[in-house]
Structure formats: C-alpha cells, structure tokens
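Heads up, the thing below is written out as structure tokens.
Small disclaimer: the values here were computed from a predicted structure and weren't measured.
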Amino acid sequence: MRHFLMFFLIIMALTTIFYILSERPHWDYIGSFKSGTGHNEMRHRRPTYHIVAVACGQRAQETLVMIKSAILFNYYHECLKFLIFTEDPLTEIIREKLTDWRDTLPQLFEFELLPLKFPNQSEMEWKTLFKPCAAQRLFLPSLLMEVDSLLYVDTDILFLSPITDIWKFFDKFNDSQVAALAPEHENGNVGWYNRFARHPFYGPLGVNSGVMLMNLTRMRNFNWEQHVFPIYKEYKLRITWGDQDIINIIFYYHPDKLHIIPCAYNYRPDHCMYMTICNTSYSGIKLIHGNRGYFHSNKQPLFKIIYDAIESFQFSSSVYTDFLLPLRLALRAQSVNESSCGKISGDILLVANNLFGASY
C-alpha cells in the first residue's frame with residue numbers, strides 16, 4: 001500500500017509539472033500583454049519584424065484594426081515595427097491611437113509614420129493608379145534603404161496568427177527569389193486573370209498582392225524599380241488592378257524571382273463565396289483579406305464579424321473572455337451558418353483556440 005501511495009504521488013507531481021509547463025506560455029502571454037513586461041530581455045536579442053501598409057482616403061480606422069490584429073496575435077512578443085505611409089489628416093489620427101496603445105503596451109511594438117513619395121515626374125498618376133496610394137508599395141526598395149526584409153499588407157488585412165507563421169517563408173526562398181505572394185485564385189473556372197486579363201500575368205491564374213513578403217535587399221540588387229517604369233509605360237492602358245497587375249507582369253517575365261505561399265496566408269471571400277477552393281482545415285486561416293469592402297458589409301457575415309471582434313477588443317481586457325469567447329459565439333449566428341463562407345468558421349478560430357483557449 002505504501003508503494004502504491006508513493007507511486008500515485010509521483011504521478012500526480014509529474015502531471016502537475018507537465019501542466020504548468022504546458023500552460024505557462026498562455027499565462028505569460030496574458031499577464032505580460034497588459035503590462036508589457038516579461039519578455040523585454042529576450043526582445044533585445046530578437047530581430048525586428050517590419051510590417052508596412054499604405055493608408056489614404058478613408059483607410060485610417062481599417063489600418064488601425066489591421067495593426068491591432070497583428071499586436072493581438074503577437075503571442076511570442078516579437079519585436080514588431082509598423083511603417084505606415086500616409087497623408088494628412090490621417091497621420092495625426094493614426095499617430096494618436098498608436099501612441100495610446102504604446103503607452104498601454106510599452107515595449108511591445110514601435111511605429112513610424114512616413115509621408116507618401118512617388119516619382120516626381122508622375123506623382124499624381126502613380127498616386128491614383130488604383131486604390132488611393134496603393135502603388136506606393138512598388139517603390140519600397142528605394143524608400144526604405146535601411147530595411148532588409150518586410151511584410152507588406154493592404155489595410156484590409158487582419159492577422160489571425162503570429163507574424164512568425166508567415167515570416168518563416170523567407171527561409172524557404174531559393175537564391176533567386178525576391179518576394180512571396182499567394183495565388184489570385186485556386187480554380188481556373190472562377191479565375192479573373194485567366195479569363196479577363198489583357199496583359200501577361202504570373203503562372204496559370206496570377207497572384208494577389210494584398211500580402212507580400214519582400215526581401216528589399218534582393219529587390220534592390222534586381223533593380224526592381226527599373227522594371228516597374230517600362231512595364232507601366234507599355235501596359236498602362238490594359239491594366240485593371242493597378243500595381244497588382246504590374247507586379248504580375250514583372251513576375252511573368254521573371255518567374256524565378258517569386259516564391260508562392262499558400263492561400264491560407266491571404267484568404268479572401270473568393271475562396272469560399274462560390275465554393276470552397278482553399279483548404280485551411282488543417283492549419284487554419286493565417287491572414288484574412290476583406291477585399292472589396294467585405295469587412296464592412298453583410299454579403300458574407302463571417303468577414304464583418306471577425307473585423308468587428310478585433311475592432312472592439314480593448315488591450316486592457318482579457319484576450320480569452322473579451323475576444324475569443326465573443327467571437328466564437330458570434331460565429332454561431334444563423335446568418336453565418338446560412339452563408340457560403342460560414343462553413344470555414346472553425347478554420348477562422350483554429351489558431352486563436354490553440355493560442356488563447358480551449359478547443360472550439
């Protein structure tokens with residue numbers, strides 16, 4: 001009996017130790033998320049993850065929600081630095097909110113607001129090429145000379161995973177690749193480029209430029225911007241999607257320069273509104289793209305629910321009780337279940353469940 005009791009106590013002790021070790025990251029994250037402490041010493045030994053966006057027109061709030069999502073899912077407290085190219089009066093709106101967040105979350109992120117800068121001889125033409133100012137991304141290699149690599153995202157992108165999930169693809173580049181993008185489509189029957197484009201494009205279905213890993217050092221060595229100007233001059237009357245089309249044309253002529261990432265890292269309504277054409281059931285959706293205003297409409301309620309959940313979350317509150325639980329409940333709504341994109345609700349929650357709480 002004595003041996004049995006000792007054996008039982010040993011098992012209980014080992015179980016307790018295992019539980020503490022397995023749960024500790026969660027406790028550390030929640031506790032230090034509010035105070036901004038707990039990882040400062042390690043942060044100084046880690047690289048800086050540059051996230052770049054361009055905000056013009058009515059995009060200030062959308063930009064802030066994108067930034068909030070990146071901070072919210074920065075589970076491992078990596079060193080994030082947001083570089084936002086913008087214009088007045090958006091500059092002060094964004095600066096005020098980011099300063100408030102940084103005061104609440106000291107040491108968790110940095111930011112820099114930069115003025116728009118286009119080639120002098122055709123500044124207005126580039127600025128209005130497609131979405132307001134979106135073409136700024138074409139000139140990042142020369143505008144950010146001190147930056148080696150970055151993640152560019154459109155303002156209508158939300159992070160649903162830590163930045164390390166997508167940053168790992170830099171390590172998968174071969175010696176010639178300068179950037180990484182996800183395909184524009186997964187199915188030729190609904191593809192836009194293969195059916196309607198009047199210019200060359202990458203691969204069989206083109207690529208979407210809303211999420212773009214960019215090795216600026218390699219792009220400078222490739223003389224990236226020297227490829228941009230002649231392509232624009234030749235095809236400007238035949239492009240529909242502005243800078244994205246220019247990017248597609250460049251990689252059509254230089255396919256060895258592009259690395260392709262899975263659709264889970266640029267998940268859009270087109271992936272679910274007609275049929276499910278992006279398999280995310282195994283690892284979940286990593287970044288979601290509410291293009292064409294889907295974050296702000298009820299066409300596919302799932303997209304607006306995710307945006308609203310992140311927008312309403314307060315950094316001083318609990319990630320589990322004030323973000324994850326309400327999001328789970330909202331995604332059970334009848335309007336979501338009856339929509340064609342509602343079937344991927346579980347994929348939306350997969351990473352968040354693993355990081356912040358029990359399984360869905």
Side-chain angles (χ1 to χ4, degrees), residues 52-59 62-63 66 85 116 118-119 122-140 151-157 178-214 219 224-225 227-255 257-258 260-261 263 265-271 273-274 277-278 287-297 299-300 303:
V52 176
V54 181
C56 287
Q58 305 300 313
R59 300 279 181 166
E62 199 172 71
T63 302
M66 178 276 291
F85 288 86
L116 301 169
F118 293 97
S122 53
E123 179 176 358
M124 188 54 62
E125 190 172 4
W126 283 109
K127 185 175 180 180
T128 58
L129 181 62
F130 181 51
K131 293 179 183 178
C133 313
Q136 185 74 93
R137 87 184 84 181
L138 296 174
F139 306 104
L140 294 180
L151 172 63
Y152 168 88
V153 292
D154 285 348
T155 59
D156 52 2
I157 294 289
V178 305
L181 294 164
E184 173 68 16
H185 286 285
E186 305 292 320
N187 188 310
N189 293 326
V190 294
W192 191 92
Y193 281 108
N194 60 300
R195 293 187 298 158
F196 304 116
R198 297 182 296 142
H199 57 78
F201 53 88
Y202 177 87
L205 300 174
V207 286
N208 185 280
S209 62
V211 176
M212 187 172 184
L213 290 166
M214 305 172 71
M219 294 176 82
W224 170 267
E225 291 170 33
H227 295 276
V228 168
F229 292 109
I231 283 176
Y232 175 65
K233 183 177 180 180
E234 180 175 354
Y235 293 102
K236 65 179 181 179
L237 299 180
R238 287 186 274 167
I239 57 178
T240 302
W241 307 114
D243 48 306
Q244 176 171 292
D245 290 345
I246 292 174
I247 290 170
N248 264 278
I249 296 169
I250 290 175
F251 289 125
Y252 168 83
Y253 288 111
H254 303 277
K257 301 297 182 183
L258 183 63
I260 296 297
I261 59 177
C263 52
Y265 293 88
N266 188 351
Y267 193 95
R268 285 163 280 123
D270 291 337
H271 289 126
M273 60 192 299
Y274 304 115
I277 56 175
C278 175
L287 287 88
I288 192 164
H289 190 172
N291 60 332
R292 302 196 303 275
Y294 270 79
F295 283 146
H296 313 293
S297 75
K299 296 177 183 178
Q300 292 293 336
F303 285 82

Determine the minimum heavy-atom distance between Y202 and N248, stating which atoms define it. N-OD1, 3.3 Å
Restricting to non-hydrogen atoms, name the atom on R59 and the atom on C56 that form the minimum distance, rounded to 0.1 Å. CG-O, 3.0 Å
Less than 4.5 Å apart, any side-chain heavy atom of D245 and any of Y193? yes
Please report the closest heavy-atom contact between H271 and C263, naming both atoms and the distance. NE2-CB, 3.8 Å
Go through the structure and list residues passing side-chain hydrogen bond (donor to acceptor under 3.5 Å, both in side chains) with Y274, not counting sequence neighbours. none
Side chains of Y232 and E125: closer than 4.5 Å at any heavy-atom pair? yes
Distance, nearest 0.5 Å, that separates CG of L151 from CE of M214: 10.0 Å
Between W224 and F251, what is the ring plane arrangement, given parallel below 30°, perpendicular above 60°, and tilted in between? tilted
Contacts of type side-chain hydrogen bond (donor to acceptor under 3.5 Å, both in side chains), residue H296, not counting sequence neighbours: E62
Using 30° and 60° as the class limits, which term best fits the ring planes of W192 and W241: parallel, tilted or perpendicular? perpendicular
Within this structure, what is the CD1-CD1 distance for the pair I250 and I231, rounded to the nearest 0.5 Å? 4.5 Å
Ring-plane angle category for H199 and F201, please: parallel below 30°, perpendicular beyond 60°, tilted otherwise. perpendicular
Pick out which of D243, V228, L116 makes a side chain to side chain contact (heavy atoms under 4.5 Å, CB included) with W126. V228
Side chain to side chain contact (heavy atoms under 4.5 Å, CB included) partners for E225, two or more places apart: F139, P141, S142, F229
Keeping the roles fixed (side chain from N194, backbone from G188), state whether a donor-acceptor pair exists under 3.5 Å. yes
Using side-chain heavy atoms (C-beta onward) and a distance below 4.5 Å, is Y235 in contact with P200? yes
Between V54 and C133, is any pair of side-chain heavy atoms under 4.5 Å apart? yes
So does C278 get a backbone contact from the side chain of E186, meaning a donor-acceptor N/O pair under 3.5 Å? no
Has F118 got more than 12 heavy atoms of other residues, nucleotides or ligands less than 6.0 Å from its CZ? yes
Heavy-atom side-chain contact between I247 and L138 under 4.5 Å: yes
With side chain to side chain contact (heavy atoms under 4.5 Å, CB included) as the test, would you mind laying out the steps for I246 and I239 before giving the verdict? CA-CA 8 Å; I246 292 174; I239 57 178; 4.3 Å; yes
I'd like to check the side-chain hydrogen bond (donor to acceptor under 3.5 Å, both in side chains) partners of Y294; sequence neighbours left out, ordered by chain and number. none
In terms of heavy-atom contacts, L140 and F85 come closest through CD2-CE1, 3.5 Å
Test of understanding: with side-chain hydrogen bond (donor to acceptor under 3.5 Å, both in side chains), list the residues that count as partners of Q300, not counting sequence neighbours. S340
Looking at every heavy atom in both P183 and I261, which two are closest together, and how far apart are they? CD-O, 3.4 Å
Answer whether the closest heavy-atom distance between the side chains of L181 and L258 falls below 4.5 Å. yes
Taking atom CG of L205 and atom CZ of R195, what is their separation to the nearest 0.5 Å? 10.5 Å
Quick one: are K299 and R292 in side-chain contact, heavy atoms under 4.5 Å? no
Between M212 and A179, the two heavy atoms sitting closest are CE-CB, 3.9 Å
Under 4.0 Å between a side-chain nitrogen and a carboxylate oxygen: does that hold for D154 and R137? yes
Euclidean distance, N208 CG relative to N266 CG, rounded to 0.5 Å: 4.5 Å
Check whether any side-chain heavy atom of K257 sits under 4.5 Å from a side-chain heavy atom of V178, and report yes or no. yes
Residues at least two apart in sequence or cross-chain that pass side chain to side chain contact (heavy atoms under 4.5 Å, CB included) with N291, listed by chain then number, are D156, R268, P269, H289
